[in-house]
Amino acid sequence: MPLFGPPDVQKLVKKSDIPGLLKAASYRNNPAVRLQAIEALTKDKKFTTLRTQSHTQQIAAMLAERAKYDPDPGISSVALQKLIKMCREAGKYSALEIGELVGFLIHAIQNKRDVLAGVATAALVHLSRLDRKFPENSGLEKYLAAWLPRQISQGMLQDAAQTAALLGKSNEIATILKPCPQTTRLEILAQLFKEDAGLAARVASNIGYREAIPLLVDHLYLNNPQVTSALLALDARESIPQMLQSLPVVGEAKDFSVMIDVIARLGDASTVDLILARVNQKAKSDPQKNNFNIEVSLLTGLGKRDSSYLTSAFRDDLPPSEWEVLLQSLGRVADKETVPVILAQASRNPSAAFLPLLILNLKDNRFALFLADHLAGWEGQAREQAVRALGELSDPVVIPILIDQINQNNNDLTKAATKALERQYQNKSISYLDKQLILKTVYLLSQRHTDNTVHLDEGDKRWVSDCSHTDGSTHTDLGPQIKI
């Protein structure tokens with residue numbers, strides 16, 4: 001290196017003079033020389049292959065010094081970026097300890113070197129995404145809270161969102177954002193959702209920021225409980241139409257359980273009208289392919305909060321599709337107090353195929369006479385479900401009806417009736433005469449016994465059936481069995 005005048009970086013590069021370049025990187029009189037030397041040492045492939053571990057440590061130390069103390073903010077920023085890049089390429093941060101990087105950020109904020117602070121923050125954000133732990137008691141949170149409003153004031157909103165994510169304190173972030181213009185808050189929150197949706201939701205909730213409600217709704221798909229909590233904390237009822245609009249016309253309720261739950265927890269009687277209007281629209285658009293499981297789930301959730309939301313929605317002029325969805329939902333609420341309403345509504349169309357399953361799930365004796373009066377009006381699976389529902393009830397009218405169904409020329413129906421009689425026989429409240437009636441039915445069934453030529457009988461004494469004997473090792477029984 002010449003004794004007078006600035007160092008000639010190009011000559012030093014040709015000579016592969018790493019010590020000379022290290023000195024040039026600290027040349028005070030010309031920032032251009034310092035920058036050229038830094039670029040040569042970190043960018044030139046010639047040096048990346050020649051430098052020893054000792055050289056690498058010296059270059060890292062030089063970059064750290066330039067980053068912290070160079071009078072030119074541009075060189076300071078470049079030096080820190082180069083240092084961070086060196087560490088990343090090495091696959092570790094040994095040359096630049098995390099604590100030292102925190103120190104760079106604090107130094108930059110204290111000295112109002114915003115460009116350098118931005119570079120240090122970006123590096124710390126990168127480290128946080130790698131789940132690296134920051135040193136305790138470093139004072140980092142205090143300085144991030146000081147740096148965040150400066151970023152916002154300079155319009156660095158995306159960077160500000162990253163700083164907020166690094167800070168991670170929803171109360172402090174909310175305090176900083178509250179006096180900001182609405183558009184600024186929304187943009188930062190939108191960016192913060194990309195960094196940490198739960199934190200963004202907590203900030204919106206802490207501010208009481210209703211303008212963020214559409215943003216929260218848009219992020220319900222993340223299934224983040226903090227997004228849900230924020231919508232509930234903000235009592236975001238005005239978002240219900242938006243949420244209903246975003247639910248698909250055709251789909252499975254389980255795939256949208258979070259949004260359905262939020263609507264159910266925010267809604268009221270007026271929400272029932274919105275859901276029924278959706279049912280009506282779907283029924284008109286494609287009456288052959290109606291799938292209302294989403295609407296039933298919505299109404300069921302509302303009804304579990306307050307069954308009167310559903311019971312008060314029944315009207316004489318309610319279209320069939322809306323009536324059916326509303327009644328199915330009320331049945332799923334499983335509130336015994338609603339049984340009189342269900343019975344009254346079921347009488348409007350007692351042959352509706354969904355009614356037996358609804359009654360089966362409720363298991364309420366008040367349905368016994370209704371089932372007895374309308375059993376013949378159901379066919380196939382609906383009638384089998386009605387028979388099963390009778391088996392769950394404790395009413396004297398049940399047993400004669402079940403015995404009558406056993407005598408029907410329908411194997412599936414007979415099987416359902418025999419299972420229902422088993423349930424009745426096991427019922428402790430059944431009378432002696434009813435038990436004798438069931439045993440008489442068992443005897444009559446045994447008289448109808450038939451065997452195949454090759455069949456199996458386990459000879460299980462717990463079963464009384466049309467095969468009351470034990471045959472050889474291979475035979476099968478035809479006919480129903482009643483387990484008593």
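Since this is a predicted model, take the numbers as computed values, not measurements.
- Shown here is D316, whose CG atom has no more than 12 heavy atoms of other residues, nucleotides or ligands within 6.0 Å.
- Considering CD of Q385 and CG of L371, their distance stands at 11.5 Å, rounded to 0.5 Å.
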Would you give me the side-chain donor-acceptor pairs under 3.5 Å for residues 349-364, sequence neighbours excluded?
from	atom 1	to	atom 2	distance (Å)
N349	OD1	S351	OG	3.3
N361	ND2	L357	O	3.3
K363	NZ	L360	O	3.3
D364	OD1	R366	N	2.9
D364	OD1	R366	NE	2.9
D364	OD2	R366	NH2	2.9

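- At least one donor-acceptor pair closer than 3.5 Å links the side chain of T42 to the backbone N or O of I38.
- Between K23 and Y27, every side-chain heavy-atom pair lies at or beyond the 4.5 Å cut-off.
- Remark: the backbone N or O of A201 is not paired with any side-chain donor or acceptor of S205 at under 3.5 angstrom.
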Quick one: side chains of residues 252-267, donor-acceptor pairs under 3.5 Å with protein atoms, not counting sequence neighbours, listed by atom name and distance.
from	atom 1	to	atom 2	distance (Å)
D261	OD2	R265	NH1	3.2

Candidate pair E172 and T175, rule side chain to side chain contact (heavy atoms under 4.5 Å, CB included), full reasoning: CA-CA 5 Å; E172 292 184 35; T175 301; 5.6 Å; no
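- Closest approach of A204 and L234 over heavy atoms only: O-CD2, 4.2 Å.
- The shortest heavy-atom contact between I18 and L41 is CG2-CD2, 4.1 Å.
- Heavy-atom contacts from other residues, nucleotides or ligands closer than 6.0 Å to NZ of K68 number more than 12.
- A search for salt bridge (charged side-chain N to carboxylate O under 4.0 Å, His left out) contacts involving E65 returns nothing, not counting sequence neighbours.
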task: List the steps and the verdict of side chain to side chain contact (heavy atoms under 4.5 Å, CB included) for D114 and Q154.
output: CA-CA 10 Å; D114 291 352; Q154 294 172 29; 2.5 Å; yes
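- Smallest separation of non-hydrogen atoms from I207 and A174: CG1-CB, 3.6 Å.
- With hydrogens and angles ignored, the 3.5 Å screen pairs no side-chain donor or acceptor of R332 with any backbone N or O of G301.
- Of all non-hydrogen atoms in A67 and A79, the two that sit nearest each other are N-CB, 3.7 Å.
- To the nearest 0.5 Å, atoms CH2 (W323) and CD (Q328) are separated by 9.0 Å.
- Inter-residue side-chain proximity for L276 and L299 is flagged as met; some heavy-atom pair is nearer than 4.5 Å.
- A heavy-atom distance below 4.5 Å is found between the side chains of L199 and I173.
- Sequence neighbours left out, the pairs with a member in residues 175-211 that pass ring-ring contact (aromatic ring centres under 6.0 Å, His included) are F193-H219.
- A donor-acceptor pair is defined here as one N or O able to donate and one able to accept, closer than 3.5 Å; no such pair exists between the side chain of S229 and the backbone of Q226.
- In this structure, L80 and L63 have side chains that are not in contact, with every pair of non-hydrogen atoms separated by 4.5 Å or more.
- With hydrogens and angles ignored, the 3.5 Å screen pairs a side-chain donor or acceptor of N291 with a backbone N or O of N293.
- Using modelled atom types, no side-chain atom of R66 and backbone atom of S26 make a donor-acceptor pair closer than 3.5 Å.
- No donor-acceptor pair closer than 3.5 Å links the side chain of S307 to the backbone N or O of G303.
- When atom types are taken as modelled, the side chain of S170 and the backbone of V203 share no donor-acceptor pair closer than 3.5 angstrom.
- With rounding to the nearest 0.5 Å, the separation of CD in E211 from CG in L189 is 10.5 Å.
- Scanning for salt bridge (charged side-chain N to carboxylate O under 4.0 Å, His left out) contacts around R383 gives an empty result, with sequence neighbours left out.
- Once rounded to the nearest 0.5 Å, the distance linking CD of Q81 with OG of S76 reads 10.0 Å.
- For the pair K82/E39, a side-chain contact is recorded, criterion being any heavy-atom separation below 4.5 Å from C-beta on.
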task: Mind running side chain to side chain contact (heavy atoms under 4.5 Å, CB included) on K419 and R388 for me, showing each step along the way?
output: CA-CA 8 Å; K419 291 294 182 184; R388 288 170 56 202; over 6 Å; no
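- In this structure, E379 places its CD atom where only 12 or fewer heavy-atom neighbours from other residues, nucleotides or ligands lie under 6.0 Å away.
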task: Please lay out, stage by stage, how V339 and F367 fare under the test side chain to side chain contact (heavy atoms under 4.5 Å, CB included).
output: CA-CA 8 Å; V339 169; F367 289 110; 3.9 Å; yes
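- Put simply, the side chain of D306 does not reach to within 4.5 Å of the side chain of D268, judged on heavy atoms.
- Remark: Q58 CD to L21 CG distance equals 12.0 Å, nearest 0.5 Å.
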Report, one line per pair, each donor and acceptor closer than 3.5 Å where one atom sits in a side chain of residues 239-249; sequence neighbours left out.
from	atom 1	to	atom 2	distance (Å)
S239	OG	A236	O	2.5
Q242	NE2	D218	OD1	3.4
S246	OG	M243	O	2.7

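- Counting heavy atoms from C-beta on, the side chains of S329 and L310 come closer than 4.5 Å.
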task: Starting from the C-alpha separation in whole Å, work towards a yes-or-no answer on side chain to side chain donor-acceptor pair (under 3.5 Å) for D159 and Q151.
output: CA-CA 7 Å; D159 293 338; Q151 286 180 303; 4.9 Å; no
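- Using a distance-only test at 3.5 Å, with no hydrogens or angles considered, a donor-acceptor pair links the side chain of T300 to the main chain of V296.
- Taking a cutoff of 4.0 Å between a charged side-chain nitrogen and a carboxylate oxygen, E384 and K415 do not qualify as a salt bridge.
- Annotation: side chain of T184 is not in contact with side chain of E187 (no heavy-atom distance under 4.5 Å).
- Taking each heavy atom of A346 and L327 in turn, the nearest pair found is N-CD2, 4.2 Å.
- What you find for A25 and A37 is that their closest heavy atoms are N-CB, 3.6 Å.
- Taken from CG in L186 to CD in Q191, the straight-line distance is 12.0 Å, to the nearest 0.5 Å.
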